[in-house]
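As the structure is a computational prediction, the values presented were derived from the model and not from experiment.
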Amino acid sequence: MAVVPTSVWLRVAALSGASAVVLGAYGAHGFHPADPKYTNTFNRGNQYHLMHSLLLAAAPIARRPNVVGGLTLTGIVLFSGSCYVAAFNENSSLARMAPYGGMSLIAAWLALAL
């Protein structure tokens, strides 16, 4: 596994946070699915995306920054990404990777404690 400089996690956090805000604005003003349950799916993915962008920003101060950052980024992509894809396509079966993303996010928080 390649060693990633810890300063990279701040840049990744900034890009993640900015993309979460952009997607949140789209969700609030431009996303109008036929089935309103997908608005909730989109919003949940966006909420976790923005919240965990802050965890990415904290990765450099962790004892193992690359573990925390890697797990967090993986979790955001799998959890929030699955929610976004399911909402945009209005197809719940496309969210099947979300539980794995959730487990990765839990592991990231636990890694921060170690």
Query raised in the report: If every non-hydrogen atom of Pro65 is compared with every non-hydrogen atom of Ala59, which pair is closest and at what distance?
Result: CB-O, 3.1 Å
**Report entry** Where Thr72 and Leu105 come nearest, the two heavy atoms and their spacing
**Finding:** O-CD2, 3.7 Å
Query raised in the report: So which heavy atom on Ala57 is nearest to which on Leu10, and how close?
Result: O-CD2, 3.6 Å
Report task. Would you kindly confirm whether Leu55 and Met51 end up in one hydrophobic cluster when ILVMFWY residues are joined by side chain heavy atoms under 4.5 Å apart? Result -> no
Report task. Take the angle between the ring planes of Phe31 and Phe88 and call it parallel below 30°, perpendicular above 60°, tilted in between. Result -> perpendicular
Query raised in the report: Short question: side chain of Arg96, backbone of Ser93 - any donor-acceptor pair under 3.5 Å?
Result: yes
Query raised in the report: Taking atom types as modelled, is there a side-chain donor on Tyr38 or Ser92 under 3.5 Å from an acceptor on the other?
Result: yes
Report task. Take Val12 and Trp9 through the test side-chain contact (heavy atoms from CB on, under 4.5 Å) and record every step on the way to the result. Result -> CA-CA 5 Å; Val12 172; Trp9 295 118; 4.2 Å; yes
Requested in this report: Please indicate whether Leu110 has more than 12 foreign heavy atoms, meaning atoms of other residues, nucleotides or ligands, lying under 6.0 Å from its CG.
Outcome: yes
Requested in this report: Establish whether Met97 and Met103 are linked, either directly or via other cluster members, by ILVMFWY side-chain heavy-atom contacts under 4.5 Å.
Outcome: yes
Query raised in the report: Do Tyr48 and Val68 belong together in a cluster built from hydrophobic side chains that touch within less than 4.5 Å?
Result: no
Query raised in the report: If you group Ile, Leu, Val, Met, Phe, Trp and Tyr by side-chain heavy-atom gaps below 4.5 Å, do Val8 and Leu73 land in one group?
Result: yes
Requested in this report: Any chance you could measure Leu112, atom CG, to Arg63, atom CZ, to the nearest 0.5 Å?
Outcome: 11.0 Å
Requested in this report: Specify whether Phe42 and Tyr84 have parallel, tilted or perpendicular ring planes, treating 30° as the upper limit for parallel and 60° as the lower limit for perpendicular.
Outcome: tilted
Report task. Could you pull out the closest heavy-atom pair between Gly101 and Leu78, with the gap in Å? Result -> CA-CB, 3.5 Å
Enumerate, atom names and distances included, each donor-acceptor pair closer than 3.5 Å involving a side-chain atom of residues 15-24, sequence neighbours excluded.
residue, atom, partner, partner atom, Å
Ser16, OG, His49, NE2, 3.2
Ser16, OG, Ser53, OG, 2.6
Ser19, OG, Leu15, O, 3.2
Ser19, OG, Ser16, O, 2.9
Ser19, OG, His49, NE2, 3.4

Query raised in the report: If you round to the nearest 0.5 Å, how far is CD1 of Ile76 from CG of Leu71?
Result: 11.5 Å
Requested in this report: State, to 0.1 Å, how close Gly75 and Ser104 come at their nearest heavy-atom pair, and which atoms those are.
Outcome: N-OG, 3.4 Å
Requested in this report: Identify the heavy atoms of Asp35 and Glu90 that sit nearest to each other, and give their distance.
Outcome: N-OE1, 3.2 Å
